[in-house]
Number of protein chains: 2
Amino acid sequence: MVTKGNVFDPNCPTRVILDRIGDKWTVLVVLLLRDGPLRFTELRDGIGRIAPKVLTQTLRRMERDGLVSREVFAEIPPRVVYTLTPMGASLIDPISVLTTWAETHMPAITKAQTQYDAV
Amino acid sequence: MVTKGNVFDPNCPTRVILDRIGDKWTVLVVLLLRDGPLRFTELRDGIGRIAPKVLTQTLRRMERDGLVSREVFAEIPPRVVYTLTPMGASLIDPISVLTTWAETHMPAITKAQTQYDAV
DNA sequence: GTAGCCAGTTACCAATAGATACCGTTGGCG
DNA sequence: CGCCAACGGTATCTATTGGTAACTGGCTAC
């Protein structure tokens with residue numbers, strides 16, 4: 001009763017998820033928030049090189065999907081804190097599996113690329 | 001001692017992998033090839049709605065990364081067969097983890113989206 | 001003869017990602 | 001008083017990418 005295998009149906013909702021995970025920024029945000037809530041600028045600086053517009057888009061999408069929660073404090077200067085929801089936190093494991101795979105196979109991939117390009 | 005955590009370095013090779021996984025077509029190709037080699041049109045028809053150009057791009061990239069191998073038979077009509085390499089096959093597990101997560105949490109995500117949009 | 005299969009390629013276009021500059025509010029500083 | 005910085009973004013513009021539609025060449029089946 002699992003999977004039902006209709007990943008291949010373009011309307012399959014699984015596609016939506018894969019698109020989210022696939023978004024490189026989403027993964028980084030999840031990993032950054034793993035150790036606790038962060039503010040907008042902390043996320044921006046933690047990610048390194050991301051346009052604020054893109055970070056905003058990413059966070060809004062994640063908020064809409066119920067992966068992060070957004071708390072606004074009406075202070076001056078303003079303060080906005082992003083936190084992983086339980087569902088967002090449940091993504092950490094799948095993502096870890098992926099990053100582990102990536103780190104394990106990175107050398108092989110680089111080698112394959114070099115060989116391919118040499119031809 | 002795992003991960004070294006430099007996923008946040010834009011030059012980190014892990015990013016490259018995540019970009020590949022993130023590519024929605026790559027995941028589908030891996031899942032389709034799980035049960036054995038397929039030809040170009042079989043992949044195209046299996047995926048459903050994909051432009052041949054895009055499928056070609058995807059397959060070339062995967063070949064370059066060493067995830068699939070491409071075998072050309074000099075026949076008429078031409079025959080090209082794509083097969084998962086061992087490294088490509090090793091991606092099945094991480095991908096399964098993801099799709100399982102996706103299927104498990106899909107209802108919650110849909111609900112979160114509906115709530116968000118209602119506001 | 002013409003229509004179609006196979007594995008793509010080419011030309012083109014729309015949507016998106018991203019870089020850069022800017023916004024209002026307030027507090028601190030000279 | 002004038003000036004700048006901090007914060008969490010928006011506004012605007014451009015580059016890249018994803019995607020569609022049409023075409024190729026050699027053959028075969030109708």
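No experiment lies behind these values; they were computed from the predicted model shown.
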| message | A side-chain contact here means heavy atoms from C-beta on lying under 4.5 Å apart; do A:Val97 and A:Asp93 qualify? | response |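 Result no, sub-4.5 Å side-chain heavy-atom pair not found.
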
To the nearest Å, give me how far apart [atom1] ([X]) and [atom2] ([N]) are.
X       : N      : atom1 : atom2 : result
A:Leu55 : C:dA19 : CG    : P     : 12 Å
B:Glu71 : C:dA7  : CD    : C1'   : 16 Å
A:Asp45 : D:dA6  : CG    : C1'   : 12 Å

Nearest-0.5 Å distance, CG of residue A:Leu32 to CD of residue A:Glu42:
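Output value for this atom pair is 10.0 Å.
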
Angle separating the five-pair end axes of the helix from C:dG1-D:dC30 to C:dG30-D:dC1, nearest 10°, is 30°

task: Identify the residue among B:Val30, B:Val29, B:Leu31 that makes a side-chain contact (heavy atoms from CB on, under 4.5 Å) with B:Val27.
output: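 Filter result, single survivor: B:Leu31.
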
Original post:
Do any side-chain nitrogens or oxygens of A:Arg79 fall under 4.0 Å of OP1 or OP2 in D:dG8?
Top reply: no

Across all chains, not counting sequence neighbours, the side chain to side chain contact (heavy atoms under 4.5 Å, CB included) partners of B:Gln115 are B:Lys111

Touch check for B:Arg44, heavy atoms < 4.0 angstrom, all strands: base, sugar-phosphate only, or nothing?
nothing

Whether each nucleotide of nucleotides 9-23 of chain D has a protein heavy atom under 4.0 Å at its base (B), only at its sugar-phosphate (S) or at neither (-) is summarised, 5' to 3', as BB-B------BB---

Point to revise | With sequence neighbours excluded, residues passing salt bridge (Lys or Arg N to Asp or Glu O under 4.0 Å) with B:Arg39 | key: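 For B:Arg39 there are no salt bridge (Lys or Arg N to Asp or Glu O under 4.0 Å) partners, ignoring immediate neighbours.
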
Inset, instruction - Specify the closest pair of heavy atoms between A:Val68 and A:Leu59, including all atoms of both residues, with the distance to one decimal. - result: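 Minimum heavy-atom separation between A:Val68 and A:Leu59: CG2-O, 4.0 Å.
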
Listing time: all N or O pairs from protein to nucleotides 22-27 of chain C that are below 3.5 Å?
none

Residue pairs meeting ring-ring contact (aromatic ring centres under 6.0 Å, His included), one or both in residues 91-115 of chain A, sequence neighbours left out, come to A:Trp101-A:His105

